[in-house]
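Keep in mind that what you see is a predicted model, and the values were worked out from it rather than measured.
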Amino acid sequence: MSSPISSSSQQLSSMVAEIDMGTDPSSPVIRATVVQATSIFYDTPATMDKAERLIADAAGLGSQLVVFPEGFIGGYPRGLNFVDRTPKGKESFRKYHASAIAVPGPEVERLAALAGKYKIYLVMGVIEKDGYTLYCTVLFFDSQGCYLGKHRKIMPTALERLVWGFGDVSTTPVFETPIGKIGSVICWENRMPLLRTAMYAKGIEIYCAPTADCSDTWQATMTHIALEGGCFVLSPAHFCLRKDYPPPPEYTFSGTDDDLSPDSVVCRGGSVIISPLGTVLAGPNYEGEGLISADLDLGEIARAKFAFDVVGHYSRPDLLSLVVKDDPLSPVTFKSGKSEN
């Protein structure tokens with residue numbers, strides 16, 4: 001089902017799955033929405049306002065869980081040349097750092113308040129600043145308006161490594177909630193089989209995979225994870241045009257800007273929701289910004305794991321095992337436990 005809703009300065013589509021999942025009254029069903037939208041680059045207050053409008057619209061659809069794309073607050077730096085160490089390149093980083101948010105901080109408090117106001121569980125992609133290092137991070141909030149915790153991306157991809165720090169496994173939580181066990185793995189981290197296995201071992205049931213990848217192969221990855229993990233996979237992606245970023249010379253898409261018009265699509269979306277049995281419940285959407293929603297029958301998890309439980313009856317720990325180093329990693333440790341004189 002698709003109908004236009006006014007959530008921002010442009011019309012967004014609302015897609016709600018009409019798949020009969022054979023639900024039973026004894027099997028809980030929740031409605032989840034993945035948001036396909038772009039940030040307002042270099043303008044975090046305006047992006048926060050846009051997030052609120054989108055959250056309100058998703059709540060209006062009856063959603064209990066709302067998941068946003070990778071780096072939605074703070075912005076995904078698509079096309080920026082962070083190899084550039086000239087004054088222009090340094091200024092680009094300064095502005096990007098200024099758009100990032102501190103965790104905890106006022107934006108986190110506002111997001112928590114929004115989750116409480118609209119009675120939703122909220123999974124939000126942000127760019128986090130810790131001092132002068134940036135991290136691609138996902139924040140989790142409950143429907144009572146409480147901040148639950150965060151996941152920092154442990155492996156930035158390609159040129160992301162020039163601008164984002166590396167997280168560690170101390171921030172790979174899975175939260176047990178009344179609507180299921182929720183966690184997140186970001187973009188190409190999802191191609192890391194050992195990280196996926198660690199998440200399965202934590203019992204993840206609603207696997208949130210915010211991404212900047214709009215390729216066809218991403219859909220295969222998401223379907224594989226749903227089947228492998230016996231979990232629901234919710235993957236929100238960006239949809240953005242060249243004009244959604246500042247114009248040149250302030251912001252230049254390295255190597256391609258001369259070929260782009262303001263209306264050129266620079267990320268085509270592909271947001272999707274997939275069941276533990278590999279059924280595509282909603283999406284993928286390549287049409288524009290929108291809200292992609294589906295009803296999740298949590299009984300599907302047990303039905304899937306009857307045949308395949310990757311860290312349970314289908315494992316062989318006598319032959320193959322994984323050790324996860326989940327202690328926080330810090331470049332400086334003070335033996336007294338104090339970092340101040």
Check your understanding: What ring pair (Phe, Tyr, Trp, His ring centres under 6.0 Å) pairs are there with at least one residue in residues 106-136, not counting sequence neighbours?
Key -> H97-Y132
Exercise for review: Only pairs at least two apart or in different chains count here, so list each salt bridge (Lys or Arg N to Asp or Glu O under 4.0 Å) that has a residue in residues 170-188.
Suggested key: none
Review point. Is it true that I225 and L227 fall in one hydrophobic cluster, defined by side-chain heavy atoms closer than 4.5 Å?
Key: no
Check your understanding: Got a sec, which residues hit salt bridge (charged side-chain N to carboxylate O under 4.0 Å, His left out) with E250, two or more places apart in sequence or on another chain?
Key -> K95
Study note, to complete from the structure: Those residues at least two apart in sequence (or on a different chain) that pass salt bridge (charged side-chain N to carboxylate O under 4.0 Å, His left out) with K150 are E128
Review point. Are T211 and D213 linked by a side-chain donor-acceptor pair shorter than 3.5 Å?
Key: no
Between side-chain atoms of residues 163-175 and protein atoms elsewhere (two or more places apart, or another chain), which donor-acceptor pairs fall under 3.5 Å?
unit_1, atom_1, unit_2, atom_2, d
W164, NE1, Y96, OH, 3.4
D168, OD1, S170, N, 2.9
D168, OD1, S170, OG, 2.3
D168, OD2, L329, N, 3.0
T171, OG1, R152, N, 3.1
T171, OG1, D168, O, 3.2
T172, OG1, V169, O, 2.8
T172, OG1, K202, NZ, 3.2

Point to revise | salt bridge (charged side-chain N to carboxylate O under 4.0 Å, His left out) against E52, all qualifying residues, sequence neighbours excluded | key: R110, K117
Point to revise | Polar side chain donor-acceptor pair, S264 to S261, under 3.5 angstrom | key: yes
Review point. Sequence neighbours excluded, which residues qualify as side-chain hydrogen bond (donor to acceptor under 3.5 Å, both in side chains) partners of S271?
Key: Q36
Point to revise | Qualifying residues under side-chain contact (heavy atoms from CB on, under 4.5 Å), relative to P104, sequence neighbours excluded | key: none
Check your understanding: Which residue pairs satisfy the salt bridge (Lys or Arg N to Asp or Glu O under 4.0 Å) criterion with at least one member in residues 186-199, sequence neighbours excluded?
Key -> R196-E228
Check your understanding: salt bridge (Lys or Arg N to Asp or Glu O under 4.0 Å): which pairs involve residues 59-80, sequence neighbours left out?
Key -> E70-K153
Review point. What pairs with R161 under salt bridge (charged side-chain N to carboxylate O under 4.0 Å, His left out), at least two apart in sequence or on another chain?
Key: none
Point to revise | Joint hydrophobic cluster, I101 plus F141, side-chain heavy atoms closer than 4.5 Å | key: yes
Check your understanding: Would you call the rings of Y251 and Y245 parallel, tilted or perpendicular if under 30° counts as parallel and over 60° as perpendicular?
Key -> tilted
Would you mind writing out the side-chain donor-acceptor pairs for residues 309-318 within the sub-3.5 Å range, not counting sequence neighbours?
unit_1, atom_1, unit_2, atom_2, d
D309, OD1, G312, N, 3.4
H313, NE2, K305, O, 2.7
S315, OG, G312, O, 2.6
R316, NE, D318, OD1, 2.8
R316, NE, D318, OD2, 3.4
R316, NH2, D318, OD2, 2.5

